[in-house]
Every structure is written in structure tokens, then in C-alpha cells.
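Naming convention: chains lettered A, B, ... in sequence-line order (proteins, then strands); numbering from 1 in each chain. Just so it is clear, the model here is predicted, and its values are computed rather than measured. Just the heavy atoms: all of them, side chains too, but no hydrogens, waters or symmetry mates, feed the values below.
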Protein chains: 2
Amino acid sequence: MATMKDVAELAGVSLGTVSRVINKAQGIKPQTLDKVNVAIEKLNYIPDQYARGMKLNRTNTIALIVPTIWHPFFGEFAYHVEQELSRLDYKMLLCNSAGPEKEAEYIKMLQQNKVDGIIAITYSSIEEFLSSGIPFVSFDRVFPGMDIAYVASDNKVGAEIAAKTLIEKGCTHFGFVGAHNETENETKKRRQYFEKTIVDAGYKISILDEVEPVPNLKEKIRKFLIANPTIDGIFTINDFAALDVIEVAEDLGIKVPEDLQIIGYDGIKMAMERQYVVSTIKQPLEEMSKKAVELILDIIDDKEHTRQYLIPGYYVEGKTTKK
Amino acid sequence: MATMKDVAELAGVSLGTVSRVINKAQGIKPQTLDKVNVAIEKLNYIPDQYARGMKLNRTNTIALIVPTIWHPFFGEFAYHVEQELSRLDYKMLLCNSAGPEKEAEYIKMLQQNKVDGIIAITYSSIEEFLSSGIPFVSFDRVFPGMDIAYVASDNKVGAEIAAKTLIEKGCTHFGFVGAHNETENETKKRRQYFEKTIVDAGYKISILDEVEPVPNLKEKIRKFLIANPTIDGIFTINDFAALDVIEVAEDLGIKVPEDLQIIGYDGIKMAMERQYVVSTIKQPLEEMSKKAVELILDIIDDKEHTRQYLIPGYYVEGKTTKK
DNA sequence: CTGTTAGCGCGTTCAG
DNA sequence: CTGAACGCGCTAACAG
């Protein structure tokens, strides 16, 4: 590896001059600039970002913490974040938190490594992130009252769209299928506002809302569908739950979407070029990812912008609703 | 951020001593060790990995390059790699190569950043990796004759298992559905040995093997199935192709698996806890990932082990074959 | 067993 | 406009 020193020698200038060229400083004599550039080219010199980072306290690296990358929602999210980051000449350190204990470890690791900031989907306690003083953006979870920057989808609007869509498509007895955990959670609005919209419109609604973890959700769904044979429109907490409902329905001889229409949430696909797996409320992940990146960089640069973004999703028609 | 100097002062020892404590050196007086540890605790001191990396030329970071993380196969792979890496106290830099040009950029970036090594699934030219001199492990692609470390699945064995399984399950007219590109490619063995096994067994086989990119694979499959109505067993180049075959078959009123049995390749799921989407030849990604990590670390440490691993997959029964 | 010191590769004064 | 010198936080070699 060639170093700045080598370049300086070859170009017949001093270290400082080379540094200035690298950093595109003003007022360098075109001639010297040329000499240096030639030397850089010749030696195939590449500045060492870490030596540099040590001085500047900047590493141009952002950490992304997700529960697991092996999941289409997080996979898509990570994809967009990385694309955006790389466009801006940043790198992405990826962490599967896979539980609260590993998250804490990661924070420590990230401090050591001086990543410039963290974007995280975390469902565990956030205090450690705050106290660490590292620029931090929360994704998909809001922290009411706390001064934490976040980007999340507007679950209220999404739930309302789901309800209205099912009503438009002629359903009369509605169901909600989901699971939740104890933490105060933005996703609870999916049930809350779906229920409210249906009730306000004067329709009947039945709820299946288990507490996580749910070992045998399908069995629960089975009983739920049997107990409520008139249900003809279901909104689920996410697309995976919708897939479960489909399987159970098929098993019970209930035809989707003829007898039962289903709308999920998230908008997952198996891969970018594939179809959506169910009719769904799509979270605009590309837009959200870009916003999250913009936010974290603004925070790093101390440009204070709006720090909280709630972005609405939109309905995507799949094969689980009537045309 | 506290530094080593602060710790040394507070503990009343010198920098070197603190360094020794951090690095768990032998032969430190228990008393001093204690003093230092207390000071570290008190100051909440965390060593700066980058300053350290500058000395050691080690960053404890591995880059993983995949075409796109938004894909269940690469998602699972990245998941396992990260898990293993994190277990060994390494971090993972994730890169979506999304085409050859970005790959080259990444190599440069990675040199700058002194990642200790690269694990890559790359279908473009490999020369740049080699010339860069960075420890490198190729995944899912072998380089015959070249001294490149790789981990890949044994496509020959997989294809043979697929053929034998379909034969066992009573098929008599076989089909292969796939696509390939011009690069010399290990995955071509999937077709090659499937075909050979079927022919050797004395059965009839029909082939649909397009050149990538294939804009309308489903239409091609449709024509293929119509032209070959007696096909009752199909092996596809990967699980996505199998999904396409299923959709077309359903559309044509062909029942899967009653009329047509299908075996894919890869063993993708939508997420860890989900089912396999089709009967398939599963690539043992967890094992392969661990091996890839082991390999890259061995190369970094100059421990010369076997540098080429071909790991056989195994048959997984899904819903596209008879019991 | 511990303190001292010389860099690692770079950015940034501060003089010229 | 440019060069020399210092220091970022740390490790390693060498003294003591």
C-alpha cells in the first residue's frame, strides 16, 4: 500500500500539499496539483480512511441494526438503506440484533468503532442508545415525548385505508388477526384504527389479537374462522399473518378472495422483482429508507431538521381481494 | 470519550501498562491489574478500534458482497455469516453489488477501509479482487485452475439427488427449466447432471434453458408445458423458477403435485421461521457460511488450510412432490 | 513486572 | 501558495 509519504516524494512536494489535494482544498497551483495527481495515479494511492477517521472522528460508516436480515421486510429495508448510503459514499455495517442482549453488545462495539451513527429497528429498550450519545435514528417505532429521531409508517392511515378498502369491496363482517407484545408499540394502531373505522361505519367486527410469542397462531386462526363463519373481510397485522390466514382458509374450504378477502400489512415480496404475496398496505420502504439516511446524516452534521417522520403507506392489490 | 491516557493517569500507571491490561498480556501484578480495571470501569473506557487497527493493520471487519440483500437466498446467507462473524467478534460490512461496476468501486472502498477480508458472491470478473491482494473467499462460484478460495454447494450431487428423487416418485417424462448466462458457471451443472442421470436411467427428458436475462420466463414455460403435455416431473434451476412453473401449471389446470411434481434448488423460505416454498435441493447455507468465515479468517491469519470446499445439499420435501 | 518512546497514516496548525 | 512539525489513540520494542 502506498502512503501519502510515497506520493509526496514521487511528486516532489510535501505531505501537507498532498493532503490538500486529497481534500480538494482551494488555491493550489495547477502545476503542483497536476504533479500530485499524476503521482497518486502512478502509485495507485488510496487514502486510509481509518487513519483519517482518527483525526476527523469520522468514519463514513453507519450501522444498521435489524432483528434479522433473513426476513423480506428487513431485507428490503437494508437494501434501500445500503443503496442510499453507498450513493452518498458511506458504508453500512449490518447487525442482526436477534434479541435485546445482543443489541447492547452492539452499541458498545459501535462506540469502539466510531461508526458515525446508527439506524435501528429495535423493539427493546432504547435508553442505551441515548446515553451512548451516538447519532441515532429509530425506524418503524416512535417514541412519544422523547427526543428521538424516527421514521415510521403511519399505521393509523394504513389501518383506515385497509378498512375502507374492504368496505368498498363489499365485506360486511370484518376480522382482525394479529399479535402484539407488551411494549408500547406503534403497530397497535393497526388494530385500533381498523376497528374504529369499521365500528364507525356500523359494521360488525371480530378480533383475534394474541400476545407474542404465539406458538400456534394457525390453530388459533382456525378456531377463529370456525367460530366466525360469516367473516368475509380480514385485516392482518402483517403479511405473514395474512399468509397464515390463507392457508387455514384453504384448509377449511374457504375460498380466497371469493368467500374471504384479506388485506395484510407491510408489502413484502420474496425478492425485488417478484410479486406482492397478498393484497396489502405497502410501507413505502424506499422513501422511508432514504429519509432515515437523510436524517442520520443531518444529525451527524448537526443540521437540525424535523426529527420525526410519519410516512403513510398505500394499498397494493394482490390476489387476496376482489378486483 | 475517555482515552487510554485518562485511564493511565487515574490508575497512576503508564500507558504501556494499560495497553497490556487491554490486551490481556501475561504477568501483570494483580494489584496493578485491579487498579487499571477500576479506572477503566470508572471512566467507562472503550478502546478505539480504529486507532488500534492503524497499528495492527487489523480492523476485525469483513466485507460481504452480494448481488442484492433483498433476496431470500442472500438474506439467509448474510444472516448466517453475520451471526458467525459476530460470535468471533468480527463485524460485517454489507455491500449490494448490483452489477459489476459497483463491485469494482467496492473493492477500492474496501482497500481504503482496510477490511481484513472479503467474502463475495460475485458473477463478474474476479481479477480485481485478486490483484488487490486482500484476503478473498468466493461463495457459490468456483474458479477452476485459479488459486481462489471458495465455498460452494456441490451442484452435481444436488442435481443427481433431484433426478433420483423424481424417478423414485414415479415420474416418467422429465423436464428441466432454467436460465443461464455466458460466464462459466457452476450452476450449469444442475442441468448437466440432471439430464445425464435421467438419460442414463433410460427416461425421456425435455429442456427449457434460456439465456439470461429472460424477460418473460413464464410465457416460455407456458409454451414448454403445452408442447410437452406428458411431462410429470420437473427440476428447476432454482426455487423461483419452480414458483413460476407452479403458477403456469395452475393456470393451465395442471395439478401440482398430482399431475406434475416439481423440485427446485436452493431451499429458500420467506423467513427463518417459515416453510420452504417448494420441494427443493437445500443448500446448507448455515454450514457453508460458517465454512466461508472460517476460511477467510484462516487466510487472514495465514493458516493455510484446504482452500476449496464443495458442500453437498440435500433434498427437502415441500408441497410440490408426492409423499 | 512496569515506564518510556517511536511510530502507524493522516490532517492541521504555523511559519515561511 | 507550500513545507515542517505536531498529535490523534494505540501497540511494541526496549529499558530499567
Side-chain angles (χ1 to χ4, degrees), chain A residues 1-40 43-61 89 108-116, chain B residues 1-40 43-61 89 108-116 133-134:
Chain A
M1 262 324 275
T3 85
M4 252 177 71
K5 204 173 144 194
D6 302 325
V7 175
E9 272 173 21
L10 186 66
V13 298
S14 78
L15 282 171
T17 307
V18 178
S19 175
R20 269 166 231 133
V21 173
I22 302 289
N23 296 300
K24 304 195 203 313
Q26 304 295 331
I28 302 173
K29 210 199 298 178
Q31 215 181 53
T32 20
L33 198 149
D34 234 47
K35 276 194 301 186
V36 174
N37 275 132
V38 167
I40 289 178
L43 291 172
N44 216 301
Y45 166 72
I46 302 176
D48 180 328
Q49 293 284 359
Y50 289 153
R52 190 177 216 191
M54 209 169 77
K55 295 286 313 173
L56 303 182
N57 256 312
R58 275 302 210 87
T59 60
N60 271 38
T61 303
D89 225 45
K108 207 172 164 185
M109 251 175 59
L110 298 179
Q111 285 179 284
Q112 296 182 71
N113 284 283
K114 292 197 185 159
V115 295
D116 297 341
Chain B
M1 258 330 268
T3 85
M4 253 178 69
K5 205 171 144 197
D6 303 326
V7 175
E9 272 173 22
L10 184 66
V13 297
S14 77
L15 279 172
T17 307
V18 179
S19 175
R20 269 166 229 134
V21 173
I22 302 291
N23 296 303
K24 304 195 205 313
Q26 304 294 330
I28 301 172
K29 211 198 299 181
Q31 214 182 56
T32 24
L33 199 150
D34 235 46
K35 277 194 301 186
V36 174
N37 277 131
V38 168
I40 288 177
L43 291 172
N44 217 302
Y45 166 73
I46 302 174
D48 180 328
Q49 293 284 0
Y50 288 151
R52 189 179 220 187
M54 207 168 81
K55 289 285 314 173
L56 303 181
N57 255 314
R58 275 300 210 90
T59 59
N60 272 37
T61 303
D89 226 45
K108 207 171 166 187
M109 251 175 57
L110 298 179
Q111 285 179 286
Q112 296 182 72
N113 284 282
K114 292 197 186 159
V115 294
D116 297 340
I134 275 190

Rounded to the nearest 0.5 Å, how far apart are [atom1] of [X] and [atom2] of [Y]?
X	Y	atom1	atom2	value
A:Leu15	A:Thr3	CG	OG1	7.5 Å
A:Asn37	A:Ile28	CG	CD1	9.0 Å
A:Arg20	A:Thr32	CZ	OG1	10.0 Å
B:Leu10	B:Tyr45	CG	OH	13.5 Å
B:Lys35	B:Thr17	NZ	OG1	9.0 Å
B:Asp48	A:Asn57	CG	CG	8.0 Å

When all nucleic acid strands are considered with a 4.0 Å heavy-atom cut-off, which category describes A:Val18: base, sugar-phosphate, or nothing? nothing
Using a cut-off of strictly less than 4.0 Å between a heavy atom of the residue and any atom of DNA chain C, enumerate the qualifying residues of residues 45-57 of chain B by number. B:Met54, B:Lys55
If you check every side-chain atom of A:Thr32, which of D:dT2, C:dC1, C:dG3 has the closest atom? D:dT2
Proximal nucleotide (of D:dT11, C:dT12, D:dC1) relative to the B:Met4 side chain: D:dT11
To the nearest angstrom, how far is [X] atom [atom1] from [N] atom [atom2]?
X	N	atom1	atom2	answer
A:Ile40	C:dC10	CD1	C1'	13 Å
A:Lys24	D:dC1	NZ	C1'	19 Å
A:Leu15	C:dG9	CG	P	11 Å
B:Glu9	C:dT4	CD	P	12 Å
B:Lys5	C:dG3	NZ	P	16 Å
A:Leu43	C:dG9	CG	P	14 Å

Shortest non-hydrogen separation from A:Thr59 to A:Asp116 and the atoms involved: N-OD1, 2.9 Å
Give me the distances for all protein-to-nucleotides 13-16 of chain D N/O pairs that come in under 3.5 Å?
{"unit_1": "D:dA13", "atom_1": "N6", "unit_2": "B:Arg20", "atom_2": "NH2", "d": "3.4"}

N or O in side chain of [X] less than 4.0 angstrom from [N] OP1/OP2:
X	N	answer
A:Thr17	D:dC1	no
B:Ser14	C:dT4	no
A:Thr3	C:dC8	no

Hey, are the side chains of B:Glu9 and B:Leu43 touching, using non-hydrogen atoms and a 4.5 Å cut-off? no
Would A:Arg52 and A:Asn60 count as having a side-chain donor-acceptor pair, cut-off 3.5 Å? no
